[in-house]
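First the structure, in the form of structure tokens, and then the observations on it.
These numbers come from a predicted model, not from an experiment.
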Amino acid sequence: MQNNIARADLDAVVDFLKGDNPRLTQAQNVETFEEEWSTWLGVRHSVFVNSGASANLITMCALREARGLGEVIVPPLTWVSDIASVLQCGFTPVFADINLRTLGLDVNEVLDRITPQTKGVFLTHVLGYNALDQRLLDGLHARRIPLIEDVCESHGATFNGRKLGTFGLMANFSFYYAHHMSTIEGGMVSTNDRDLYETVRMLRSHGMVREATSEPLKHSFSERYPDLSPDFIFAFPAYNARSTEINAVIGRSQLRRLDVNNRRRIENLDLFLKHLDPERYHADFETAGSCNYALTLILKRPDPVLCEGVMRALREHGVEFRRGTSGGGNQLRQPYLRQLLGEHEHKKYPNADHVHFYGFYIGNYPGLEKEKILGLCSMLNRLPEGRDDDVRT
Ligand SMILES: Cc1ncc(COP(=O)(O)O)c(C=O)c1O
């Protein structure tokens, strides 16, 4: 990533600070950023928080308050906080493998894992690829299972022309430095559900009822608890996940450039995938509606020779990359899940495991020159492959 916080964003902060006695803690700019974000996304309500991980946590907490405890279906290829939030809120995570063409949850696997205990499907749109299809949406709707979308890596991506994050009961976004847009650190919970919106607002601020916008809701609490000051009624054992006016000023400034930047990113990924050797690398991702802040490089075969060659060549050419794509690969290989589910659980998810060892991503920023992308492809396409007996099965 280069220059994700631009001069214009810094100038906006300076102007704000030079203003008349600016209030820095959460106030008008946070509210306006939430409204502008809701308009951009196409939802009724949004709540700005201090990170994407906080958005995950508060969303799972709100799901628990709305639906009670049970199972939540999650992917093994996601960020740690998607699984941590499920565990921390007391749900049982139920894993399903991914589809290698979308890097998101495999639809058949999700539908197969639904039980009477399922309280939600917490799906991640990985690195800008849309993970939704109509069969999944219809299947969940028919069974009344809420969908929660993690769009932290996919701002602006669409399904059937509609933005991701507008299909589920709730959606999460991250404004971490390397993502499509940044507030330095930050995240958003978006929803069309008014009751959940009120719950999420309270969860963001210690579970305090005064954070709700609904007067009847606040009134019902003070009537029920006359021994409490209406200023200090804590409805839930919650968190402080608020952000500040400075972060919101940066977010509002960044949002103005998001669509233009995203168009460049879409062109960059198309060019990259068109010029990659499809014999060596996966080039047949489902790119309809995708919007990626990273170029995805996934080996076609489990070939350790090519894999080592890729890493060596990228390092030699000073190309920054991450191995394992989203969250470093198969979460079931991580210590926190090995302790919980045992040493062998990861073997049940071969697609996530393939990405774990043979998947990479490389930054895709708006100013990335076309020549660099073409040069990268021609360098990758020349790398020697392993012989058939080197390739692991
Ligand atoms: C899919 C996904 N969810 C959640 C997060 C957490 O976001 P943050 O880094 O803003 O806490 C990330 C990470 O960056 C992510 O990639």
Determine, for Glu308 against Arg323, whether the closest basic-nitrogen to carboxylate-oxygen distance falls under 4.0 angstrom.
no
With rounding to the nearest 0.5 angstrom, report the NE2 to CZ distance, His155 to Arg265.
9.5 Å
Between Arg113 and Glu109, is the salt bridge (charged side-chain N to carboxylate O under 4.0 Å, His left out) condition met? List the steps.
CA-CA 6 Å; Arg113 278 163 177 69; Glu109 294 231 350; 3.5 Å; yes
Under the criterion salt bridge (charged side-chain N to carboxylate O under 4.0 Å, His left out), I'd like the reasoning laid out for Glu320 against Arg322: C-alpha separation, chi angles, the key distance, then a yes or no.
CA-CA 7 Å; Glu320 199 177 341; Arg322 297 284 183 273; 3.1 Å; yes
Ring centers of Phe33, Phe175 separated by less than 6.0 Å
yes
What residue pairs, at least two apart or across chains, pass ring pair (Phe, Tyr, Trp, His ring centres under 6.0 Å) with a residue in residues 195-238?
His45-Tyr197
Between Glu153 and His125, does any side-chain donor sit less than 3.5 Å from a side-chain acceptor?
no
Is the gap between the ring centers of Phe173 and Trp37 under 6.0 Å?
yes
Does the ring center of Tyr361 lie less than 6.0 Å from the ring center of Phe321?
no
Short question: side chain of Glu245, backbone of Pro22 - any donor-acceptor pair under 3.5 Å?
no
Residue among Asn29, Thr183, Thr32 satisfying side chain to side chain donor-acceptor pair (under 3.5 Å) with Arg252
Asn29
Which pairs of donor and acceptor atoms, one on a side chain in residues 69-79, lie under 3.5 Å apart (sequence neighbours left out)?
residue : atom : partner : partner atom : Å
Glu71   : OE1  : Thr115  : OG1          : 2.9
Thr78   : OG1  : Asp82   : OD1          : 3.4
Thr78   : OG1  : Thr124  : OG1          : 2.8

Given side chains that start at C-beta, do those of Val86 and Phe91 come closer than 4.5 Å, heavy atoms only?
yes
Looking at CD1 of Ile184 and CG of Asp9, how far apart are the two atoms once the value is rounded to the nearest 0.5 Å?
9.5 Å
